[in-house]
Structures are given as structure tokens and as C-alpha cells.
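To start, the structure under review is shown below, and the notes come after it.
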Amino acid sequence: MSGGLVALLDDVAVIARLAAASIDDIGAAAGKAGVKAIGVVVDDTAVTPQYVQGFTPDRELPIIKKIALGSLRNKLVFILPAAMLLSQFLPWALTPLLMVGGAYLCFEGAEKIHEALTGEHHGDDSESAAAIGSPEHEKLMVSGAIRTDFILSAEIMALSLAEVAGEPFGSRLAILIVVAIMITALVYGVVGLLVKMDDLGLKLANARTGGGRALGRALVKGMPKVLSVLSVVGTAAMLWVGGHILLVGLDTLGWHEPVHILHDWEHAAEEATPVAPGLVKWLVETLGSLLFGWFVGSVITTVLRFVPKKHAAAAH
């Protein structure tokens, strides 16, 4: 997770946290809680650009705005009240719910890998019935993006809540509101920049200076590759975050062996590496979480693929 986007998001979160610390404790706590959800933020940022593919440039930012407003509504209207009620009256339920969301992220990541390897695509048939770029297609894309965002937003809010679970009710509420607004603005601000970079490249390609034209051509040629890399990073983030959530959840619920095995690998790698042992330990932990997430996601994918076939066979 050393990509430029991750570094950008991390730097922004750190700056926000430091600035908030000079204002009040709630702002500082919100920054800290938001940083804990950075893996899901990267995934959210990586997933969203696909929903504006096929639209004219003048519709890209309005579509992103609609998705951003839907994301904020998801967080503040639906997820936040449920999270506050659970944390107040059923705090023990947060870990199982986090694990359900983690399992979903693992499934999504494993499904994307399967589709990339096999060429299969499991989409909504109604999408193909609407002409690409039409108002009906735009409505389908926006609603689909907001549905996907709901799961990711729930993970962001749950991870943030877990980080400030010991705060009083009012402080928890204020912190989560700040996190919701901060994360939404960050994610969809970055997405807006990403999808408009090729338009900026086209303008620069017609610049008077040779340097401007060269930069414009580089942007036009490079952005599809950037988006492809971002898609890979998003898939890896799904598996990493999902696997980590499941490992921590299993440890919290009493099954300690998976976490202990991963910790043994981390310590072995750290002791065997004379240079940057801390980095090596982090890489082992990240890779272990990713592989565990991929394994769980593959199991879920296999089961879900088997069940429909069984039903289809019974129907005949």
C-alpha cells in the first residue's frame, strides 16, 4: 500500500489530524479515527471512477456530485444512527457486524480477481437494457454506486467508531459526523480530480509551449493506466482490509490461532531482515491479511456460485 494515492490520502489525514489537534480534542479524535479507515477509503476511491465511464465529460462531475451526496446520506442518515444505537446498547454486536462487512469486502475482492482471470462479468442485466450515457443509464450507475458505497461507508464508520468507543456519547457522535464529512469530501474530491485529468491533458495538448503539450499528451496516455493501477490497488485494499477485520474479529471472539500464526511470521521476518525490519514486519502482516481475505472471499464466491447451479438443476 505504498502507492501515491495512499500516500496522498495518508498525508491529508495526518495534516487534518494535526490541524484539528490545535483546535479541539474532537477534531483530533476524528482525524485519528479516519486514518484507521484508510484502507477502505482507498478502495472507495478506486471503485468510484468506473461509474462515470461512457458518459460525456460534462456529465462526469455532476454524476460524482450525486454519488457523493448519496454517500453522505448513507453515512449520516442511515449508518450513523444505527452505529450510535449499537455502541450505546449493544456494543458486543459491533465486532460481528464488522466481520460481516469484512467478509463482504473479501468476497468483492475475490470476485474481481475471478472475473479478471476468467473474463466473466456478473453485472445487473438492467444496465445493458439502458443505452450507455442515457439518463436511464446515469440513474442506474448512480444508484449502483450509492449501493456499493453503503457497504464501504458502513466499514469506514464502524472502524472509526471502534477507535473512539471509549468516548462519551456526545463526543462519539460529533467525531463520527466529522469523519463522515471529511472522508466523503476527501474521497470524491480525489475521484473528481482523477476523472478530469484526461480533460486537462487534452487542453494542455493544445498549449503553445512544447512542455505543456508534452505534459498534456502524457496525461492523456497515462490516466487510463493510472485508473487500471488504482483498480488493482482497490482490489488489494478490499482483501487486505477485509482479511484484517476478520483476523482481529476472530481474535476478539476467542479464536486466537490465526492471529498468533501471523504474528509468528511477522517476528520471524523481522528477525531475519537486517534492513528496515519494521517495514518487513508490516509487509508480512499486510500480505498475510490479504491472503487470508482472498481465501475467505474465494470460499464465499465458490459457495455462491454453487448454490444457483443447484437451484437451476432442480428447476429442470
Side-chain angles (χ1 to χ4, degrees), residues 13 17 20 24-44 69-109 146-184 187 237-260 262 289 292-293 295-297 299-300 303-304:
R17 186 169 72 249
D24 55 39
D25 292 338
I26 288 186
K32 182 180 178 181
V35 169
K36 289 297 182 180
I38 199 68
V40 189
V41 170
V42 172
D43 180 41
D44 208 355
L69 291 175
S71 175
L72 196 58
R73 183 173 62 249
N74 282 342
K75 294 181 180 75
L76 296 181
V77 177
F78 301 112
I79 299 170
L80 179 59
M84 294 303 299
L85 288 172
L86 284 173
S87 66
Q88 190 69 20
F89 300 108
L90 297 172
W92 57 266
L94 289 176
T95 295
L97 288 175
L98 262 177
M99 293 178 69
V100 170
Y104 178 83
L105 290 177
C106 294
F107 161 70
E108 283 285 299
I146 293 174
R147 285 196 303 270
T148 300
D149 172 89
F150 187 89
I151 297 296
L152 298 173
S153 291
E155 288 296 301
I156 289 170
M157 298 297 281
L159 287 168
S160 302
L161 177 61
E163 191 64 19
V164 296
E167 298 288 337
F169 183 90
S171 296
R172 290 202 308 273
L173 178 61
I175 290 168
L176 291 181
I177 290 174
V178 172
V179 167
I181 296 172
M182 178 181 69
I183 293 294
T184 303
V187 167
M238 281 186 177
L239 296 173
W240 166 42
V241 175
H244 181 73
I245 290 171
L246 291 177
L247 285 170
V248 172
L250 290 173
D251 187 57
T252 301
L253 294 178
W255 189 25
H256 308 296
E257 285 76 9
V259 169
H260 287 170
L262 184 55
S289 297
F292 185 75
F295 172 75
V296 173
V299 171
I300 297 173
V303 170
L304 292 180

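Scope of the values below: all heavy atoms of this structure, side chains included, with no hydrogens, waters or symmetry mates.
Between G243 and F292, the shortest heavy-atom contact is O-CD2, 3.9 Å. A pairwise comparison of heavy atoms in N74 and I146 identifies ND2-O, 3.1 Å as the closest pair. Considering every non-hydrogen atom in both A93 and L86, the closest pair reads CB-CD2, 4.3 Å. Annotation for I245 and L98: closest pair CG2-O, 3.3 Å, computed over non-hydrogen atoms. A pairwise comparison of heavy atoms in A154 and I79 identifies N-CD1, 3.4 Å as the closest pair. Shortest non-hydrogen contact noted between L262 and S289 is CD2-OG, 4.1 Å.
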Next on the checklist: Apply side-chain contact (heavy atoms from CB on, under 4.5 Å) to residues D149 and K75 and explain how you reach the verdict.
Outcome noted: CA-CA 9 Å; D149 172 89; K75 294 181 180 75; 4.2 Å; yes
Checklist entry - Can you check side-chain contact (heavy atoms from CB on, under 4.5 Å) on S71 and V187, steps first, answer last? => result CA-CA 10 Å; S71 175; V187 167; over 6 Å; no
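If you run side chain to side chain contact (heavy atoms under 4.5 Å, CB included) between S160 and each of I183, V178, V179, I175, only V179 comes through. Looking at L176, L173, L161 one by one, the single match for side chain to side chain contact (heavy atoms under 4.5 Å, CB included) with S87 turns out to be L161.
Proximity of P258 to D251: side-chain heavy atoms (C-beta onward) are nowhere separated by under 4.5 Å. Looking only at side-chain heavy atoms (C-beta outward), L72 and I181 come within less than 4.5 Å of each other. Taking 4.5 Å as the limit, every side-chain heavy atom of E257 sits out of range of all side-chain heavy atoms of L250. Side-chain contact between L90 and W92 is present, with at least one heavy-atom pair separated by less than 4.5 Å.
Between Y104 and F107, the ring planes lie tilted relative to each other; the angle falls in the 30° to 60° range.
Applying the 6.0 Å contact sphere to CZ of F150 captures more than 12 heavy atoms from other residues, nucleotides or ligands.
One finds the CG atom of L246 at 4.5 Å from the SG atom of C106 (value rounded to the nearest 0.5 Å). R73 CZ to T184 OG1: the interatomic distance, rounded to the nearest 0.5 Å, is 11.5 Å. Residue R172 holds its CZ atom at 10.5 Å from CG of L80, rounded to the nearest 0.5 Å.
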